[in-house]
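The block underneath contains the structure these notes are about, expressed in structure tokens.
Predicted model, so just to flag it, every value in this text is computed and none were measured.
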Amino acid sequence: MHTTLTSPLASLPADILLEIAAYLNSTSDVFHLSISSTLLFANLYSALYAYVHLNSVTQCTSTLAMLCRRPDIARHVRKLFISLGHESSTGQIGLIDGYNVSSHLIKAARTLDALNTFVWDGDEIPPYDDVWWALRNNCPQLRTIGASYGTLLPDPHSHLYDFSGLIGFSLISKHGMYHALETMSSESRLWTMLIKRCPDLEELYIDGASFDPGTVHPLCHGRWPRLRRLGVGDIVLDWHRLRNNDTKRPFIEFLEAHPQLRSLRTSRHALNPAHMSDLDIDALPHLEEFTGSLEHLQVIAAAHPDIKHVTFNEPMIIRDLAPMVIVNVLQNLHSLNTLDISFAFHSTYESGSLVRSLVGACPNLVNFSLTCARKPSLQLENFSKAIRPLSRLRWLNLTLVRHNYEEPLLTCAINIARSNPRLSYININFIPPCVTLPLPLPTSFTHSPPETHLPPDFVESGSYTLSTDEHGLPTALACVERRATLPLLGIDVSRTGWLAQVGGRILAAPRTRRFTVDLQPKKPWRGYGSLLVERSAAGEEVRLLTVLVSLASLSVWGYVGFGMG
């Protein structure tokens, strides 16, 4: 509810308010600033609603209905993402929800005249095909779209294939999607749209495990001079048998024909690592981001030492020589600043030495995402000490199985923040051993805010934003913690090892808590007792100082007492 009180910020021009909002850490902070005044709320529309991410049926219906009623707000929406994968299903309830959301979206499209990106990420494609017609006719600036297939395939005459002049396209097939021969005509319309009517395509992502080779193989014949980002998941592209050994495979020729690629994501099905050696050494001169397997990276690392962003889409199985091989590959990438890597442990393994090896191989990391699954692997207190040499680290994401002797989640975050005050954002996810890798889930060319990045099944999760003073010392920690509870019994599972499951999925609903922790040093004497027992570098120094002062006092007392005697 907006207040009518006059705020000191309300007198500032709108452009300055938007600059202030750009420095805030999350959309939640922008929202709390905006509700301090009606005038502030009106001036911050564009910052609040430029990016709209809806991840439930309730959110979709209520927000889309609001956008229909408030065209003054809707005209600021530039990116709209609808994610219904966690709620929709192939049954009647999921289909009804899809129709409900689709009908609201058709009505809201009339007011979204500034929309330039729309992504539908659900288990099924929108049941109402008129969604694509409404978006194409009412959103003149729409240039990036994304869709997902499930058990329902679009009609061969779907309006999804009527777009022209796109610069970004994403298509993901979900589980349960199977192509038949009669669907080939619809797929030919897809490639006709992309190859002939979208010559300026800059981003293209095709992902999923159910595509027929003949369905996606036309990708190799496409030529987009401005293509910057390409992602192909577990789709079969490298199926062509060569007539002679001098002929390159179609996908290798496709990559060589697109020298402007900055980002490449591939898989073993799309490109066999053994065939990477056929790629011309001068191909992809501007490559900066790579997502694939370790074997892929081993081949291209020598020719592309300027890669800045590496994501491994396969978990590393720890063996005797595995850490050494990983380190040898990563240390050749001198410009690497972002690393996303996951490990699967078959037994309890203290991975402190593994983390130190990664830190030594990648000293310039700015963003670091680490997943350790199946077995407890490390304690976060030791981890916080191991990453101290990363002087440029700003963003940290940890997903791991909780150790039996691990501290509470908040204590872990505070220890990491105090040991590494240069961090700006910390995300910690405790997962059960039953979670199946790879993590994170496959994503399209669009990315949701960091606070929404959660594993599919988690026990406890926390997102922490660190604030510092002018000297770079930590002052406060803005916390958002989520804890899984059984919906019917209300049992807190974050402290127990028992999790109820149905069909391999955890029956847990997250409970969210937001608060702020003050990290500033306590006043002298009043905070001395808490500092004395604190498990940090400062606490160790205070305890050592206390012991030295006590020994000195005893020495003086004994000397004086002996002299007087």
*Would a 4.5 Å heavy-atom cut-off, applied to side chains only, mark Ile428 and Ile426 as touching?*
yes
*Sidechain-backbone polar pair: Ser384 side chain, Glu381 backbone, donor-acceptor under 3.5 Å*: yes
*Answer yes or no: is there a donor N or O on one side and an acceptor on the other, between the side chain of Ser550 and the main chain of Thr546, under 3.5 Å?*
yes
_Whether the side chain of Thr475 engages the backbone of Ser467 through a donor-acceptor N/O pair (distance < 3.5 Å, no angle test) should be reported._
yes
*Quickly, which of Thr512, Asn429, Thr399 forms a side chain to side chain donor-acceptor pair (under 3.5 Å) with Ser461? Name it, please.*
Asn429
_Pairing residues for Val547 by the side chain to side chain contact (heavy atoms under 4.5 Å, CB included) criterion, not counting sequence neighbours_ = Leu551
_Can you tell me which residue among Leu393, Leu365, Val366, Ile307 is in a side-chain contact (heavy atoms from CB on, under 4.5 Å) with Asn337?_
Val366
*Got a sec, which residues hit salt bridge (charged side-chain N to carboxylate O under 4.0 Å, His left out) with Glu202, two or more places apart in sequence or on another chain?*
none
*asked:* Are there over 12 heavy-atom neighbours, none belonging to Arg422, within less than 6.0 Å of that residue's CZ?
replied: yes
_Residue pair Thr311 / His309, side-chain donor-acceptor N/O under 3.5 Å_ = yes
_Ignoring hydrogens, what is the shortest heavy-atom contact between Arg402 and Pro376? Give both atom names and the distance._
O-CG, 3.9 Å
*Looking only at heavy atoms, which two atoms of Ala386 and Val359 are closest? And how far apart?*
O-CG2, 3.7 Å
_I'd like to know if the side chain of Ser148 pairs up with that of Asp121 as donor and acceptor (distance under 3.5 Å, no hydrogens or angles considered)._
no
*How long is the span from the CG atom in Leu279 to the CG atom in Leu255, to the nearest 0.5 Å?*
6.0 Å
*Are more than 12 heavy atoms from other residues, nucleotides or ligands located less than 6.0 Å from atom CD1 of Ile281?*
no
*Is there a side-chain contact between Asp340 and Asn313, using heavy atoms and a 4.5 Å cut-off?*
no
_Validation row: Val480, Tyr464 side chains within 4.5 angstrom (heavy atoms)_ = no
_Quick check against the 3.5 Å criterion: does Asn272 have a side-chain atom that pairs as donor or acceptor with the backbone of Arg268?_
no
_Would you compute the distance between atom OH of Tyr49 and atom CG of Leu44 and round it to the nearest 0.5 angstrom?_
11.0 Å
*asked:* My understanding is that only residues two or more places apart in sequence, or in another chain, count here; which of them pass side chain to side chain donor-acceptor pair (under 3.5 Å) with Glu289?
replied: Arg229, Ser263
*What is the minimum heavy-atom distance between Val299 and Pro273, and which atoms define it?*
CG2-O, 3.9 Å
*Euclidean distance, Leu80 CG relative to His53 NE2, rounded to 0.5 Å*: 9.5 Å
*Ring-ring centroid check Phe81 Tyr51, cutoff 6.0 Å*: yes
*Output all residues satisfying salt bridge (charged side-chain N to carboxylate O under 4.0 Å, His left out) with Glu481, sequence neighbours left out; order by chain, then residue number.*
Arg513
_Testing the basics here: between Phe251 and Ala270, what is the closest heavy-atom pair and its distance to 0.1 Å?_
CD2-O, 3.8 Å
_Tell me every residue that passes side chain to side chain donor-acceptor pair (under 3.5 Å) with His304, counting only those two or more places apart in sequence or in another chain._
none
*Would you give the length of the straight line joining atom CD of Glu288 to atom CG of Leu264, rounded to the nearest 0.5 angstrom?*
13.0 Å
_To the closest 0.5 Å, what do you measure between NE2 (His275) and NE2 (His296)?_
10.0 Å
*Do the side chain of Glu406 and the main chain of Leu380 share a donor and acceptor less than 3.5 angstrom apart?*
yes
*Just by distance, do the side chain of Gln379 and the backbone of Tyr405 share a donor-acceptor pair under 3.5 Å?*
yes
*Under the side chain to side chain contact (heavy atoms under 4.5 Å, CB included) rule, collect the residues that match up with Asn364, sequence neighbours excluded.*
Arg392
*Would Asn55 and Ser83 satisfy side chain to side chain donor-acceptor pair (under 3.5 Å), going step by step from the backbone distance to the final call?*
CA-CA 5 Å; Asn55 54 16; Ser83 302; over 6 Å; no
*What residue among Leu466, Asn420, Leu370, Ile416 forms side-chain contact (heavy atoms from CB on, under 4.5 Å) with Leu396?*
Ile416
